[in-house]
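Throughout, a chain's letter reflects where its sequence line sits, starting with A, and its residues are numbered from 1. Computed from a predicted model, the values in this text were never measured in an experiment.
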Amino acid sequence: MARIGNTIRRLRFEHGEMTQEDLARRAGCTRQTIIALEQGRYVPSLELAFRIARVFGAALEDVFEYLG
Amino acid sequence: MTYQTCKTWRAALVAAVGAAAAAGVVIGNVYVLLAAIAAGMVLLIVLRRRLTGVVEDERTYAVAYRAARLTVAVFGVGMALVGAVLLAVARQDFTSTTARIGFTLEFATCALLIVNQFAYYYYNRKMSGCS
């Protein structure tokens, strides 16, 4: 599996301590998926990655990082 | 209705349907049994439609995909092996019960793989832009 890091946890707290549930609802996924993403156990599709980045109003590369 | 509320209702519904179905069996009335099962199915559909929020997403589909692949592999190999062993045990007596079970398992394995290949072919074309 490709190693892709993310800054979702930090971004959540920078956005008024947004809950995982709230982020999941706004990104259109389940809270379990957000948990898996934050723990690095799941690599999202391009679409979900864009949706999460849009929730934070950030560019894709500001949220996700390809670690090789 | 939230997912948690739905889970609670679903558990209560399953218990009620189970009790009604059991009552149908005890009193020997098949119509009560069938009615309980039918009502349970309808109510489960109603519950699912009233559910709000996301309960399935791409990760759950990915999990289901991996589980399905493992199931096909384990079940396919397992049935083929058990069927082969039973046929070997039956030797040339292909009318024996052992041989019949063996043949059933082998043909079921063939059917499983054929359906799997058709499904693969269908989704491969559908997801590659071919019409």
Q) Any sub-3.5 Å donor-acceptor pair from Glu58(B)'s side-chain atoms to Pro44(A)'s backbone N or O? A) no
Q | Shortest non-hydrogen contact between Val54(B) and Gly28(A), atoms and distance | A | CG2-C, 3.9 Å
Q: With a 4.5 angstrom heavy-atom cut-off, could you sort out which part of Ala24(A) is near chain B: side chain, backbone, both or neither?
A: neither
**Q.** ILVMFWY cluster, Tyr120(B) and Val115(B) together (side-chain gap under 4.5 Å)
**A.** no
Q | Atom CZ of Phe13(A) with >12 non-hydrogen neighbours under 6.0 angstrom | A | yes
Q: Establish whether Val55(B) and Val63(B) are linked, either directly or via other cluster members, by ILVMFWY side-chain heavy-atom contacts under 4.5 Å.
A: no
Q: Report yes or no: do Ile34(A) and Met18(A) belong to one cluster of Ile/Leu/Val/Met/Phe/Trp/Tyr joined by side chain heavy-atom distances under 4.5 Å?
A: yes
Q: Answer yes or no: are there more than 12 heavy-atom neighbours, outside Phe103(B) itself, under 6.0 Å from its atom CZ?
A: yes
Q: Any chance you could measure Thr30(A), atom OG1, to Glu56(B), atom CD, to the nearest 0.5 Å?
A: 10.0 Å
Q. What distance separates Arg25(A) CZ from Thr52(B) OG1, expressed to the nearest 0.5 Å?
A. 10.5 Å
(Q) Using heavy-atom distances under 4.5 Å, tell me whether Glu47(A) contacts chain B through its side chain, its backbone, both, or neither. (A) neither
